[in-house]
*Asks:* 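There's a structure below that I have some questions on.
Residue numbers start from 1 in every chain, and the chains themselves are labelled A, B, ... in the order their sequence lines are given, proteins ahead of strands.
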Amino acid sequence: MPELPEVETVRRALASEVCGKRVTSVRGESVALRRPLEVEALAAILPGRRFLEPRRRGKFLLLDTAPTGSLLVHLGMSGVVQIVPAAAPLRAHTHVILELDDGRELRFVDPRRFGMAVWLEPGDEADDSSLGALGMEPLDPRLSQTLPPLIRNRRAPIKSLILDQHLIAGIGNIYAAEALWRAGIHPRRAGNRISVARLATLATTIQEVLTEAIAEGGTTLRDFATPDGNSGYFAVSLQVYGRQGEPCQRCGATIRGEAIGGRTTAWCPRCQR
DNA sequence: CCAGTATCCTGCAGGC
DNA sequence: TGCCTGCAGGATACTG
């Protein structure tokens, strides 16, 4: 479900809703998520801690607390963080519930269980296997300089390369397709067959599409919602993602769709080369 | 090291 | 209507 703009939308909502709140208790059921969810361990650590301003790294959320430590959250494909009154009905696949001192609860819901919620001690963050391997933040102003050399010596399709979180952290299937359409680059084009100038253009379109999507609160296709239950509105701005068979908004050609690297990909066969 | 594929899991849309 | 198949916003283990 969530890519950088959706995760950033969640981060901002949590910044205003749970910043300063204290955890009073933890309940749930340990299940096999991407990393095992250990409710008992969280119940031993979190009560009494206060949430600080949350951070985002790529598609990861870091819910920092005082005393120092962080709950590392990834939403996977179907993860949702809810902030709801304690009396709110329980959604299916709610795995862990943090009761807060304002009468509300922070709930982690994840039907497909590709997400995670694990505790990080202050020292754990630097050498965490996921966080440590992440590439640059795509909104970094130096992206147009740093991206080309990472791509120019690779033969894989550019679409697969910009989805690789070790190179750039935060782009997913929707925004990869959108950024490539804006840049006029064919998603199957090999990285080493794209000029530095065109890669700099791609860096710019990546930043534009992510920034616009954040401003719209992300993209809601099926079930993405902010912690207070709202939808994102960027779906109406999508130019190619999910538009296979429809006309390109730029040139009128029919948008194509095929799997690249196992992920469905849409592009315009006329204006993407 | 790199590129490509399989896999984890549930829900839901579409075809028959 | 019900059953079956395939696909879904992701990350990673594995294969050649």
*Asks:* Would you say C:dG9 has OP1 or OP2 under 4.0 Å from some side-chain N or O of A:R263?
*Replies:* yes
*Asks:* NA contact type, A:T264, heavy-atom cut-off 4.0 Å: base, sugar-phosphate, or nothing?
*Replies:* sugar-phosphate
*Asks:* How long is the line joining CD1 of A:I151 and P of B:dC2, in whole Å?
*Replies:* 12 Å
*Asks:* Can you figure out which of B:dG11, C:dA8, C:dA11 approaches the side chain of A:Q165 most closely?
*Replies:* C:dA11
*Asks:* From CG of A:L61 over to P of C:dA11, roughly how many Å is that when rounded to an integer?
*Replies:* 12 Å
*Asks:* Starting from C1' on B:dA3, measure out to CZ on A:R189 and report it in whole angstrom.
*Replies:* 19 Å
*Asks:* For a side-chain contact (heavy atoms from CB on, under 4.5 Å) with A:H95, tell me which candidate from A:M116, A:R113, A:R107 qualifies.
*Replies:* A:R113
*Asks:* Could you tell me whether A:E8 and A:R12 make a salt bridge, using a distance below 4.0 angstrom between a side-chain N and a carboxylate O?
*Replies:* yes
*Asks:* What is the pairing partner of B:dG15, taking Watson-Crick or G-U wobble pairs with both distances under 3.5 Å in any strand?
*Replies:* C:dC3
*Asks:* With C1' as the reference atom in both, quote the distance from C:dG9 to B:dA3 in angstrom, rounded to an integer.
*Replies:* 23 Å
*Asks:* Just the rounded figure in Å: distance from C1' of C:dG6 to CD of A:E258.
*Replies:* 17 Å
*Asks:* So if I take every side-chain heavy atom of A:R154 and compare against B:dG11, B:dA3, C:dG10, which nucleotide ends up nearest?
*Replies:* B:dA3
*Asks:* Starting at the 5' end of DNA chain C and moving along, which residue's nearest nucleotide shows up first, A:S130 or A:R112?
*Replies:* A:R112
*Asks:* Does the B:dC9 base have a donor-acceptor partner in the side chain of A:R113 within less than 3.5 Å?
*Replies:* no
*Asks:* According to a strict under-4.0 Å criterion, is A:H74 in side-chain N/O contact with OP1 or OP2 of C:dA11?
*Replies:* yes
*Asks:* With heavy atoms under 4.0 Å as the rule, sort A:G262 into base, sugar-phosphate or nothing.
*Replies:* nothing
*Asks:* Could you tell me how far apart A:M77 (CE) and B:dC12 (P) are, to the nearest whole angstrom?
*Replies:* 15 Å
*Asks:* Whom does B:dC2 pair with, Watson-Crick or G-U wobble, provided both distances fall under 3.5 Å?
*Replies:* C:dG16
*Asks:* Looking at A:R155, I want to see if its CZ is surrounded by more than 12 non-hydrogen atoms of other residues, nucleotides or ligands under 6.0 Å.
*Replies:* no
*Asks:* For DNA chain B, whose closest nucleotide is more 5', that of A:R34 or that of A:H93?
*Replies:* A:R34
*Asks:* NA contact type, A:Y175, heavy-atom cut-off 4.0 Å: base, sugar-phosphate, or nothing?
*Replies:* nothing
*Asks:* Measuring to OP1 and OP2 of C:dG10, would you say a side-chain N or O of A:K59 lies under 4.0 angstrom away?
*Replies:* yes
*Asks:* Could you state the atom-to-atom distance from CG of A:L33 to P of C:dA11 in whole Å?
*Replies:* 15 Å
*Asks:* Measure CD1/A:I162 against P/B:dA3 and give the value in whole Å, please.
*Replies:* 15 Å
*Asks:* Just call it for A:P5: base, sugar-phosphate, or nothing, with non-hydrogen atoms closer than 4.0 Å on any strand.
*Replies:* nothing
*Asks:* Over how many whole Å does the gap from A:L134 atom CG to C:dT12 atom P extend?
*Replies:* 8 Å
*Asks:* Decide, yes or no, whether a salt bridge links A:R27 with A:E99 under the criterion of side-chain N to carboxylate O below 4.0 Å.
*Replies:* yes
*Asks:* Give a yes or no on whether A:R193 atom CZ has more than 12 heavy-atom contacts from other residues, nucleotides or ligands under 6.0 Å away.
*Replies:* no
*Asks:* Please give the distance between the C1' atoms of B:dA6 and C:dG6 as a whole number of Å.
*Replies:* 16 Å
*Asks:* Check for me, please, whether A:L221 and A:I214 land in the same ILVMFWY cluster - side-chain distances under 4.5 Å, paths through other members count.
*Replies:* yes
*Asks:* Between C:dA8, C:dT12, B:dC9, which nucleotide gets closest to the side-chain atoms of A:F114?
*Replies:* B:dC9
*Asks:* Is the base of B:dA3 touched by the side chain of A:R155 through a donor-acceptor pair closer than 3.5 angstrom?
*Replies:* no
